[in-house]
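Scroll down for the structure; my scribbles are underneath it.
We name chains A, B, ... by the order of the sequence lines, and we start the count at 1 in each one.
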Amino acid sequence: MDLSNLFAFVIFPYITLVTFVVGHSYRYFTDELSWNSRSSQLLEPKSLKIGITLFHWGILATLGGHAVGLLIPQRIWDLFGIDGEAHTQIAVWSGLLVGIVAFIGILMLIHRRYTQPRIRITTTVGDWITLIGLAFVITTGLYNVIFGHYYILDTVAPWIRGIVTLTPDPTLMIPVPFSYKLHVLSAFFLLGFSPFTRLVHIWSVPLGYINRSYLLFRRRPAIEEQI
Amino acid sequence: MRIKAHYAMVLNLDKCIGCHTCSIPCKNVWTNRQGVEYAWFNNVETKPGIGYPKRWEDQELHRGGWKLGYRGHLKLRAGGRGKKMAQIFHNPDLPAIDEYYEPWTYDYGKLIKSPAGKHQPSVRPKSQITGETMDVKWGPNWEDDLAGVNRTGALDINFRNLEHSIYLKFKQVFMFYLPRLCEHCLNPGCVASCPSGAMYKREEDGIVLVDQNRCRGWRYCVSGCPYKKVYYNWVNGRSEKCIFCYPRIEAGLPTLCAQTCVGRIRYVGVVLYDADGIRFAASQEDEEDLYPAHTAILLNPNDPAIQKEAEKQGIPPAWRKAAQRSPVYKLAKEWKIAFPLHPEYRTLPMVWYIPPLSPVSDALAPERSRVETLDKIDTIDRMRIPITYLANLLTAGDEKPVRMAMKKLMAVRAYMRGKQLDGVGDADAISAVNMTPETAEAMYELLAIARYENRFVIPTVERTGNTDLYRMQGSCGIPGTVPAHGPFPREEESSR
């Protein structure tokens with residue numbers, strides 16, 4: 001077996017996944033104070049609005065589409081009368097739509113971060129890596145949707161399910177075109193890098209707010225707990 | 001009835017000289033850091049004016065606080081939970097930092113390091129965000145002593161039902177100071193707006209805090225507070241606010257702003273209130289009913305039934321006693337001379353203001369002596385500061401309670417002047433406002449003399465848990481510093 005293929009599609013994904021889990025846990029329990037989105041809206045709200053909204057909705061829909069399309073095996077879709085061809089058509093057109101939305105959004109955010117002096121000076125190296133990384137993953141994804149025309153449901157999809165179910169089969173990825181491999185690997189890189197960035201805010205989506213009491217009281221902790 | 005104790009503050013605007021001394025220790029102790037250098041937990045504004053951040057009082061613009069929605073239900077003005085979640089990526093109501101001001105400093109080194117030249121070296125303001133040279137365009141006290149109010153004053157919403165152009169004319173102009181801090185509301189808009197549940201009121205004393213560990217920087221507290229007293233730290237991405245100096249308060253000391261006030265205008269005390277009445281008080285249909293409903297849920301600490309119930313519900317004895325001596329209860333509820341700031345925001349604020357008296361502006365009665373004119377109660381309508389303006393600020397436009405409070409303040413002056421000049425107080429003046437000589441003298445004592453121990457009646461915090469304070473002494477509250485054997489080595493301890 002090709003060693004580099006084994007590294008790229010078994011070892012590397014698991015390294016990033018372990019980094020993802022351990023990194024998030026470590027940061028949450030040792031440095032919860034830094035666990036937030038570090039919003040820059042206060043400094044420069046006008047240039048933010050359209051880009052941030054497009055990007056977030058676009059990327060959320062894209063992630064949802066990936067989860068539904070890749071993690072559910074094709075044989076289940078077949079039960080509902082959606083064959084592989086139809087599945088691909090749906091994925092390509094919906095992916096194109098939300099991908100373009102996210103792409104425009106991220107370009108606007110990069111432009112803002114580069115041109116607005118207040119934002120530029122408060123940007124860290126990690127912020128740049130995150131932003132460029134996201135843009136790279138989105139760009140390769142869009143490239144594949146528009147120019148790829150590769151049938152992934154028998155290759156990439158079962159491979160990623162193998163990763164998730166701890167039964168990885170790297171041979172599935174051998175015939176996959178380079179641009180798809182690039183998309184997958186950059187996405188895994190971002191996954192592994194995310195615990196060290198502001199992306200941690202994803203895991204704090206305040207769903208509890210929906211049915212929470214408006215008014216909250218808390219008792220002072222007993223003095224033993226304070227020390 | 002669910003009785004809770006609450007710290008509250010009263011500010012006597014009649015005595016505020018606008019010196020900003022309150023703001024300075026607050027800034028030095030709590031917000032002297034990058035990220036919150038633009039934040040003033042306490043600031044002093046000149047009224048009329050649009051304040052800091054710009055036009056904070058205009059909720060049509062900023063959409064903070066509550067309003068009445070369908071069937072009289074309380075609703076956050078900026079929208080409910082679903083709407084907030086949908087807009088969480090970009091809060092449409094968050095003010096930009098420029099609405100507060102772009103923080104700046106000066107390159108002071110230039111003054112001493114510049115080479116000798118024909119002219120004195122000068123320093124220009126530099127942005128504390130970008131480090132670039134900048135033009136200063138606004139600040140926390142930009143309108144100090146009415147500076148620029150000929151331009152901004154028209155946007156002051158307290159001119160409702162008044163012709164602002166008359167009052168902004170040079171010869172008709174009026175002003176007073178409005179020191180502002182977090183109101184530690186009974187029905188706080190910020191707490192209700194926080195998606196993370198990081199903000200809360202302390203069960204024991206009502207202080208509103210941001211849990212720094214839980215804050216995720218969604219920024220809705222900033223826009224949800226109608227007083228704009230929660231600030232977003234742009235460096236670390238978390239919100240911060242006035243903490244009512246709880247480390248001091250817990251030790252029985254007044255807040256820094258209150259302690260340092262040179263005019264002795266601030267009063268800090270405890271009030272008991274009925275937490276079951278919050279919804280009722282905040283959802284009065286007529287905005288003018290909000291102030292009386294607010295005072296209605298403040299409980300009389302001298303009522304034996306209330307005392308008994310408070311004891312049953314676990315209010316500590318020192319707190320119940322402090323509530324009886326509370327200057328806030330006297331000023332706000334018993335004498336009704338202190339009012340909440342903008343009750344129409346429906347947050348039930350717990351920082352109260354005594355309206356300022358002001359010089360008589362017209363010469364309608366030139367035949368009267370000056371002293372007589374000032375003493376006569378009917379002169380309050382001829383004072384420079386229009387009652388309507390004060391009512392818009394303090395009682396959602398209802399002039400009756402403000403007028404009554406000012407009559408009382410005038411009556412106390414008349415009574416005490418008589419007493420000190422003629423040896424006998426003016427009984428007519430105080431009976432006209434249904435006041436006994438005892439009350440008049442008590443008001444004089446609290447308002448004019450304002451002794452430290454009367455201004456600040458602050459019980460120390462009730463320690464909970466089985467605590468060996470002796471063992472903990474010297475540990476400064478720093479985690480891990482409590483010696484297992486206490487302050488002395490084991491041998492000494494065993495020989496004691």
With a 4.5 angstrom heavy-atom cut-off, which part of [X] approaches chain A: side chain, backbone, both or neither?
X	result
B:L209	neither
B:N236	backbone
B:I88	side chain
B:N233	neither
B:V235	backbone

Quick check against the 3.5 Å criterion: does [X] have a side-chain atom that pairs as donor or acceptor with the backbone of [Y]?
X	Y	value
B:H90	A:G51	no
B:Q212	A:L33	no
A:N36	B:G217	no

* **Part of A:L60 lying under 4.5 Å from any heavy atom of chain B** =>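 For A:L60, side-chain heavy atoms alone lie under 4.5 Å from chain B.
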* **chain B contact via A:S39 - which portion, at a heavy-atom distance below 4.5 Å** =>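 It is both, since atoms from each part get that close.
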* Asked: Can you say whether the rings of B:F89 and A:H56 are parallel (under 30°), tilted (30 to 60°) or perpendicular (over 60°)?
  ->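 Ring orientation of B:F89 relative to A:H56: parallel.
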* Side-chain contact, heavy-atom cut-off 4.5 Å: A:H201 with B:R216? ->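 No, too far: nothing below the 4.5 Å cut-off.
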* With the side chain counted from C-beta on, respond yes when B:I97 and A:E44 share a heavy-atom pair under 4.5 Å apart, and no when they do not. =>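 Not in contact.
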Let me confirm one number: the [atom1]-[atom2] distance from [X] to [Y], rounded to the nearest 0.5 Å.
X	Y	atom1	atom2	result
A:L42	B:E99	CG	CD	10.0 Å
A:L216	B:E203	CG	CD	11.5 Å
B:R238	A:S37	CZ	OG	12.0 Å
A:L215	B:M199	CG	CE	11.5 Å
B:L94	A:L48	CG	CG	10.0 Å
B:D98	A:K46	CG	NZ	7.5 Å

* Asked: Which one of B:P195, B:C215, B:G197, B:G189 has the most heavy-atom pairs closer than 4.5 Å to chain A?
  ->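 Highest number of heavy-atom pairs under 4.5 Å: B:P195.
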* Under a 4.5 Å heavy-atom cutoff, which of B:S127, B:G206, B:G82, B:A86 has the most pairs with chain A? ->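 When all of B:S127, B:G206, B:G82, B:A86 are compared, B:A86 has the most.
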More than 12 heavy atoms from other groups under 6.0 Å of [atom1] on [X]:
X	atom1	result
A:F20	CZ	yes
A:F193	CZ	yes
B:K75	NZ	no
A:W203	CH2	no
A:L182	CG	yes
A:Y150	OH	yes

* Asked: How far apart are the C-alpha atoms of A:F217 and B:R202, what are their side-chain angles, what is the distance that settles it, and do they pass the side-chain contact (heavy atoms from CB on, under 4.5 Å) test?
  -> CA-CA 6 Å; A:F217 284 95; B:R202 300 214 300 186; over 6 Å; no
Contact winner vs chain B - [options], heavy-atom pairs under 4.5 Å:
options	value
A:I121, A:I52, A:L43, A:T53	A:L43
A:K49, A:R120, A:R38	A:K49
A:S204, A:S213, A:P117	A:S204
A:G208, A:P206, A:S34	A:P206

* Asked: Should A:E32 and B:R214 be marked as a salt bridge (Lys or Arg N to Asp or Glu O under 4.0 Å) after you check the CA-CA gap, both sets of side-chain angles, and the distance that decides it?
  -> CA-CA 8 Å; A:E32 199 187 352; B:R214 289 272 300 277; 5.5 Å; no
* Ion pair B:E102/A:R118, N-O distance below 4.0 Å ->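 A salt bridge is present here (some side-chain N lies under 4.0 Å from a carboxylate O).
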* Asked: Does A:R218 come within less than 4.0 Å of B:D211, counting only side-chain N to carboxylate O?
  ->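 Answer for the salt bridge query: yes.
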* Between B:R81 and A:Y214, is NZ or CZ placed under 6.0 angstrom from the six-membered ring centre and within 45° of the ring axis? ->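 Geometry flag: set, cation within 6.0 Å and 45°.
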* Take B:R219 and A:Q41 through the test side-chain contact (heavy atoms from CB on, under 4.5 Å) and record every step on the way to the result. => CA-CA 9 Å; B:R219 321 172 291 290; A:Q41 189 188 343; 2.9 Å; yes
